Protein chains: 2
Amino acid sequence: MSQADQLDRPTGGGEAVSKSRLRAWLQVLKLSRSIETALRERMRSEFGSTLPRFDVLAALDRAETGMRMSDLSRALMVSNGNVTGIVDRLVDDGLIVRAPVQGDRRAWIVRLTNKGRQHFATMAQVHEQWIDELLGGLAPGDARTLDRIVSAARRGGEDQT
Amino acid sequence: MSQADQLDRPTGGGEAVSKSRLRAWLQVLKLSRSIETALRERMRSEFGSTLPRFDVLAALDRAETGMRMSDLSRALMVSNGNVTGIVDRLVDDGLIVRAPVQGDRRAWIVRLTNKGRQHFATMAQVHEQWIDELLGGLAPGDARTLDRIVSAARRGGEDQT
DNA sequence: TGCAAAATATTTATGCTTGAAGTAATTTTC
DNA sequence: GAAAATTACTTCAAGCATAAATATTTTGCA
């Protein structure tokens, strides 16, 4: 993992702040990459599924009445075309359905089937255990601190969500 | 963004620790996704390049004598096949070269060309500014705290790097 | 009403990514 | 010194991801 490790070069001594931000970012990137890798492997071996599929199911599980494609795209922070492909496959597997929207023939509402809801419930439970295990090195107090700092950093950036 | 947002459901009151870890993880995931999205867009519009290409160049910039393909794969935490493709394209663009390894005809050493080194230097400088800007909401002290906590969490997990 | 502008969804092209399988070279084992 | 195991890299298929282009529908407004 890298994405610019010009960290070990001696600096003049002025812009220490940008260096410490860069350093923090690289750590965050490494952590999220290693956790995502571990989750992906487990999703595949335990459920024959993927993270993007799980993300779509998770979003729909919270939306009682379903979501539009564009809502999904926004919620998951991925492109429209991407959602189309993932939804296509989930529909093929009978985990979700597309339904037309009353009064707007461009849009589609996507929602879980019973099968999809059950499938997600099983995965979600195990998923939380995996996170707990993968972040075992994170003391309870540190977890809250991390949550607080990262939330603040996100609000400070330019693109909210 | 989601990946299991079963956070807002009332819990019995027992496993608060796993909930706080899950919450922290979801924040970390959202942050890294939004920053990567912003960086990707800027890499494309400013340099006509991509993050994976930048990552490879960054790793090679630090390795005076070049790196093997498998070293790159480990350093970037991506699969072997992935590295092959990215390196192929960078070679096509004249930014890096492949050279045989003395005494091991299976392996290849990859290193920057002069063109590649110059190109990376330009990008790295701007990249650091982007990070500084995207993490502008992160106070200097928080950046160090974040670095420390995330580093500890990574060492606690199962896959080191 | 009628038509331009905006919104929504899909399609297309390209590149990233993985996991598995394949090829070739090297090292280990006996 | 030959068979077996390991290591290094590539190739392949499938899925993920984006940006740009297209098609369609709805909305705004003159």
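Since the structure is predicted, the reported quantities are computational estimates derived from the model, not experimental observations. We name chains A, B, ... by the order of the sequence lines, and we start the count at 1 in each one.
Every residue two or more places apart in sequence or in another chain was checked for a salt bridge (charged side-chain N to carboxylate O under 4.0 Å, His left out) with Arg105(A), and none qualifies. Residues forming a salt bridge (charged side-chain N to carboxylate O under 4.0 Å, His left out) with Arg98(B) (at least two apart in sequence, or on another chain): Asp88(B). Remark: Arg40(B) pairs with no residue by the side-chain hydrogen bond (donor to acceptor under 3.5 Å, both in side chains) rule, at least two apart or across chains.
Atom CG of Leu90(B) and atom C1' of dG15(C) are 12 Å apart (whole Å). The distance from atom CZ of Arg105(A) to atom C1' of dT27(D) is 15 Å, rounded to the nearest whole Å. Going from atom CD of Glu36(A) over to atom C1' of dT18(C) covers 13 Å, rounded to whole Å.
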* **Under 4.0 Å protein heavy-atom contacts per nucleotide of nucleotides 8-18 of chain D, with B for base, S for backbone only and - for none** => SBBB---SSSB
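Here side chain to side chain donor-acceptor pair (under 3.5 Å) pairs that include residues 111-121 of chain B, with residues two or more places apart or in two chains, are Asp61(B)-Arg117(B).
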Contacts under 3.5 angstrom, residues 136-149 of chain A side chains, donor-acceptor by atom type, not counting sequence neighbours:
from	atom 1	to	atom 2	distance (Å)
Thr145(A)	OG1	Gly141(A)	O	3.0
Asp147(A)	OD1	Ser151(A)	OG	3.2

